[in-house]
Amino acid sequence: GQQVMQIPQYQHVQEGEDFTTYCNSSTTLSNIQWYKQRPGGHPVFLIQLVKSGEVKKQKRLTFQFGEAKKNSSLHITATQTTDVGTYFCAGGKNQFYFGTGTSLTVIP
Amino acid sequence: DGGITQSPKYLFRKEGQNVTLSCEQNLNHDAMYWYRQDPGQGLRLIYYSQIVNDFQKGDIAEGYSVSREKKESFPLTVTSAQKNPTAFYLCASRERGGNTEAFFGQGTRLTVV
């Protein structure tokens with residue numbers, strides 16, 4: 001099946017540092033979505049990117065969709081303790097695949 | 001309130017027993033999905049359904065079965081053939097077409113002893 005890999009698998013940062021997670025798909029995606037899962041919780045939708053090269057911002061979060069529509073990134077500026085959780089990218093029209101996730105720990 | 005409900009939140013079963021996990025949504029979504037999540041790992045697709053009375057296998061369907069007799073319901077049965085069933089199971093739904101956000105249930109943590 002489709003492979004969606006994310007790096008890094010884990011990231012520990014000091015509060016105030018920036019954080020980036022990268023998502024790579026084995027196939028071209030029609031769109032890509034990002035989700036956040038808090039510890040002990042379930043994934044919650046953050047954003048969807050559709051166009052090649054698209055960039056979207058949500059406060060301190062910046063999302064990019066690659067030109068070839070096979071990769072994406074999520075960048076958080078000046079992390080806060082509330083950013084703790086696992087961030088997943090996801091794609092696929094019928095078979096809805098999730099990436100392997102990046103677990104973010106923010107050290108106060 | 002509209003949403004997607006999974007029950008129970010925690011489930012314990014003895015090895016060799018089949019167990020059915022419930023997933024109900026009142027969002028009027030056509031597409032529904034079951035995922036398995038192991039500690040520190042991503043979500044792996046078990047089964048998905050795009051419409052009532054139709055469903056397809058995901059990457060790890062062996063040892064699991066589903067039904068989709070009603071639009072609102074997509075129960076997952078973990079059979080005794082599943083070699084390592086202890087995991088966190090998540091159900092999701094969204095509109096058909098692949099261009100909308102998915103909503104997740106709270107999950108069921110299954111422990112087989």
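Residue numbers begin at 1 in each chain, while the letters A, B, ... track the order of the sequences.
Contacts between residues 100-107 of chain B and chain A, defined by a heavy-atom separation under 4.5 Å, are made by B:T100, B:E101, B:A102, B:F104, B:G105, B:Q106. For residues 83-94 of chain B, a heavy-atom distance under 4.5 Å to chain A picks out B:F88, B:L90, B:R94, given by residue number.
Between A:F98 and B:Y35, the ring planes lie perpendicular to each other; the angle is over 60°, past the 30° to 60° tilted range. Between A:Y35 and A:F96, the two ring planes are perpendicular [angle over 60°; tilted spans 30° to 60°].
Between B:I60 atom CD1 and B:W34 atom CH2 the span is 12.0 Å, to the nearest 0.5 Å. Remark: A:R60 CZ to A:Q58 CD distance equals 11.0 Å, nearest 0.5 Å. Between atom OG1 of residue A:T21 and atom CD1 of residue A:I76 there is a gap of 9.0 Å, rounded to the nearest 0.5 Å.
Interface remark: of the candidates B:R96, B:Q56, B:Q37, B:R44, B:Q37 forms the most heavy-atom pairs closer than 4.5 Å to chain A. Ranked by heavy-atom pairs under 4.5 Å with chain B, the list A:A90, A:G99, A:P43, A:G101 is led by A:P43.
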**Request:** Tell me, with the steps shown, if A:R38 and A:V84 meet side chain to side chain contact (heavy atoms under 4.5 Å, CB included).
**Result:** CA-CA 7 Å; A:R38 292 183 187 275; A:V84 165; over 6 Å; no
With side chain to side chain contact (heavy atoms under 4.5 Å, CB included) as the criterion, how do B:K71 and B:N28 come out once you've worked through the C-alpha distance, each side chain's angles and the decisive distance to 0.1 Å? CA-CA 7 Å; B:K71 188 175 186 177; B:N28 201 33; 2.8 Å; yes
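Between B:F74 and B:V66 the shortest side-chain heavy-atom distance falls below 4.5 Å. At a threshold of 4.5 Å between non-hydrogen side-chain atoms, the residues A:E15 and A:D83 do not count as touching. No side-chain heavy atom of A:F63 sits less than 4.5 Å from a side-chain heavy atom of A:I32.
When heavy atoms are compared at a cutoff of 4.5 Å, B:K9 does not approach chain A at all. Only the side chain of A:F88 comes within less than 4.5 Å of a heavy atom of chain B; its backbone N, CA, C and O stay farther away. Proximity to chain B (any heavy atom under 4.5 Å) is restricted, for A:T100, to the backbone atoms N, CA, C and O. Residue contact with chain B, scored on non-hydrogen atoms closer than 4.5 Å, involves the backbone and the side chain of A:N94 alike. For A:Q6, no part sits under 4.5 Å from any heavy atom of chain B, backbone or side chain.
The nearest pair of heavy atoms linking A:N71 to A:F65 is O-CD1, 3.4 Å. The two atoms that bring A:Q37 and A:H42 nearest to each other are CG-C, 3.8 Å, heavy atoms only.
Within a 6.0 Å sphere centred on CZ of A:F45, heavy atoms belonging to other residues, nucleotides or ligands number more than 12.
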